[in-house]
Structure formats: structure tokens, C-alpha cells
Amino acid sequence: MTDPTPDFLQATRSAYDTIARDYTAHVPDGLAENPLDVALLTAFAELVRANGPAPVADLGSGPGHVTARLHALGVPVFGIDLSPRMVALARAAHPGLRFHVGSMTRLDLPDRTLGGVLALYSTIHVPDDHLPTAFAEIHRTLMPGGQVLLGFQSGASGDEDRRTHLTERYGHEISLDFHWRTPETVCGLLAAAGLEPHARVLREPEAEPEAGRRLPRAFVLARKPGVA
Ligand SMILES: C[S@@+](CC[C@H](N)C(=O)[O-])C[C@H]1O[C@@H](n2cnc3c(N)ncnc32)[C@H](O)[C@@H]1O
């Protein structure tokens with residue numbers, strides 16, 4: 001029996017395959033050198049290392065900049081991305097690290113093997129009706145005590161969650177959906193998947209002239225209950 005890839009995954013993959021080279025050139029580091037973002041990644045690394053040597057999966061690793069940063073913090077980490085072109089660019093830029101093509105909605109990983117999951121600006125491309133599946137996959141693959149760090153553009157507290165559709169980027173015609181969610185929405189979905197949010201940060205945006213928008217950045221830390 002065939003298992004057709006959902007339309008949203010095909011559209012997202014095609015959009016990122018199209019813009020992979022330009023995205024990599026224009027977004028040299030997903031953390032944009034913001035000291036608060038770097039501090040959160042460093043805290044995440046410390047929490048993961050405290051649990052032992054199990055690896056972290058960077059879901060939606062894109063060009064692999066942040067994967068490499070986490071690796072430099074002493075965490076065994078590999079990347080997974082929907083876009084084969086992104087994966088090819090990440091492998092070329094970081095030959096010492098592993099990157100695989102795949103979707104966070106269906107992880108080709110055994111149960112209870114990850115020490116952590118990082119997902120920066122990638123859950124924004126998963127629609128509401130598929131996000132519980134992605135969070136269930138994170139729960140399934142994490143060891144007890146495993147840590148999660150999510151980063152995403154957010155509506156402010158009390159705002160409605162919103163969807164935006166982009167048809168052009170870097171001069172390329174694309175079809176790409178973005179889902180802006182509040183930290184409250186994301187924490188509620190994590191909790192429903194059995195993951196315990198233990199910190200949330202909402203910071204003001206920096207200028208993003210090429211995107212023409214200024215949305216707050218949200219970060220949520222969560223853990224899978226239990227002891228490693
Ligand atoms: C905005 S980029 C962020 C890249 C990187 N995390 C960073 O912060 O620079 C989003 C990435 O998520 C990937 N992505 C989107 N949906 C995904 C999914 N369902 N599973 C895995 N990767 C996905 C895209 O292909 C793209 O490379």
C-alpha cells in the first residue's frame with residue numbers, strides 16, 4: 001500500500017529546495033548572533049550533557065549552522081531536514097557532521113534513543129492538524145529526561161495564532177505556509193504530547209528587512225518526564 005506524502009510536506013520541500021542556496025547565503029546563522037538566543041542554546045546543551053552522551057536531533061536543520069554550533073558546545077548532534085538541497089548544502093559545509101533527509105512528522109529513528117531535540121524555525125511550517133504528530137514523534141524518540149528546545153516566530157501573548165502564505169522569496173516563485181503560534185499554544189500541544197515545558201522566553205524581534213516583518217521570537221524548553 002502506498003503512503004502518499006502530505007501536500008504540505010511536498011510544498012515545503014519544494015520551496016526550500018528552490019531557495020536553499022539563497023537562504024544559506026542570506027541567513028548565515030539561524031541564531032543571528034543574538035546573545036540571548038546563544039545563551040538559550042548553551043543552556044540546552046548543558047541540560048542535554050547532564051543527561052549523558054545520547055545524541056540530539058536538529059529537526060529542520062537547514063544549512064546546519066546551528067547544528068554545528070551545538071556540536072561545538074560538546075553535544076553529539078545530527079541534522080534532519082525535509083529538503084534534499086538543504087541537506088546537501090549542510091553536508092558540504094559541515095563534512096564532519098551527519099545530515100539526513102526526513103520529516104519531523106515521521107522520524108526514522110528508534111524509540112527512546114535521543115538525549116535532546118532541537119527545532120529552530122521549522123515547526124512554523126507544520127500545520128495545526130499535523131503538529132501533534134510531530135510532537136508525538138519527539139516524545140517517542142526521546143529518552144526519559146530528554147530535552148527539547150523549540151524556537152519560532154510568534155504572535156504576542158493573547159494574539160490569535162495565524163497562518164501566512166508566501167509566494168516569492170529571493171526572487172524565486174514558491175508556495176510556502178508559515179504558522180505563527182504563541183508560546184501558550186505550543187506549550188499546550190507539547191503538554192498534550194506528554195512533554196513538560198519548563199521554560200519559555202519571548203523576545204522582541206530584530207530588523208528583518210528582507211522579510212518585511214518584525215515578529216517576536218519565542219523559545220520553549222521542555223523535557224520528557226522520567227530519569228535517563
Ligand atoms: C527557516 S529554516 C530554519 C533552518 C535552521 N533550523 C535555522 O534555524 O537556521 C526551516 C527549515 O525547516 C525545514 N523543514 C520544514 N518542515 C520540515 C519538516 N516537516 N521536517 C523536517 N524539516 C522541515 C525546511 O526544509 C528548512 O530547511
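Start at 1 and go down the list; that is how both ligands and their atoms are numbered.
Taking a cut-off of under 4.0 Å to the non-hydrogen atoms of Thr12, the atoms of ligand 1 that pass are 15 (C), 16 (N). Those atoms of ligand 1 with a heavy atom of Met86 less than 4.0 angstrom away are 27 (O). Atoms of ligand 1 lying under 4.0 Å from any heavy atom of Ser83, numbered from 1 in the order shown and given with element: 25 (O). Heavy-atom proximity to Gly102, at under 4.0 Å, picks out these atoms of ligand 1: 20 (N), 21 (C). When each atom of ligand 1 is checked for a heavy atom of Leu120 under 4.0 Å away, the hits are 3 (C), 5 (C), 6 (N), 8 (O). Atoms of ligand 1 found under 4.0 Å from any heavy atom of Tyr23 (numbered from 1 in listed order, with element): 1 (C), 2 (S), 3 (C), 4 (C), 7 (C), 9 (O). If you number the atoms of ligand 1 from 1 as listed, the ones under 4.0 Å from a heavy atom of Leu9 come out as 19 (N). Residue Ser122 approaches ligand 1 through these ligand atoms, each under 4.0 Å from one of its heavy atoms: 12 (O).
Considering backbone and side-chain N/O atoms, Val126 never comes within less than 3.5 Å of an N/O atom of ligand 1. For a threshold of 3.5 Å applied to N or O pairs, the pair formed by Leu82 and ligand 1 contains at least one separation below that value. Residue His125 has no N or O atom closer than 3.5 Å to an N or O atom of ligand 1.
Checked by atom type and distance alone, the side chain of His26 pairs as donor or acceptor with a backbone atom of Asp22 at under 3.5 Å. In terms of modelled atom types and a separation under 3.5 Å, the side chain of Ser61 and the main chain of Gly64 share no donor-acceptor contact. Using a distance-only test at 3.5 Å, with no hydrogens or angles considered, no donor-acceptor pair links the side chain of Asp177 to the main chain of His165. Under the 3.5 Å distance criterion, the side-chain polar atoms of Ser83 are left unmatched by any main-chain donor or acceptor of Arg13.
Val87 belongs to a hydrophobic cluster with Leu97, Phe99, Val101, counting contacts under 4.5 Å between side-chain heavy atoms of Ile, Leu, Val, Met, Phe, Trp and Tyr, direct or through other members.
Within the 4.0 Å heavy-atom cutoff, Asp81 counts among the residues contacting ligand 1. Within the structure, the closest approach of Ala15 to ligand 1 does not fall below 4.0 Å when heavy atoms are considered. Ligand 1 lies nowhere less than 4.0 angstrom from a heavy atom belonging to Thr105.
Only the side chain of Tyr16 comes within 4.0 Å of ligand 1, counting heavy atoms alone; its backbone N, CA, C and O stay farther away.
Salt bridge status for Arg181 with Asp128: present, with a side-chain N to carboxylate O gap under 4.0 Å.
The CD atom of Gln147 sits 4.0 Å away from the NE2 atom of His198 when rounded to the nearest 0.5 Å. Once rounded to the nearest 0.5 Å, the distance linking OH of Tyr23 with CG of Asp17 reads 14.5 Å.
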Please walk me through it: do Tyr16 and His125 pass ring-ring contact (aromatic ring centres under 6.0 Å, His included)? CA-CA 11 Å; Tyr16 274 101; His125 298 303; 5.1 Å; yes

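Applying the salt bridge (charged side-chain N to carboxylate O under 4.0 Å, His left out) test to Asp129 and every residue at least two apart in sequence or in another chain returns nothing.
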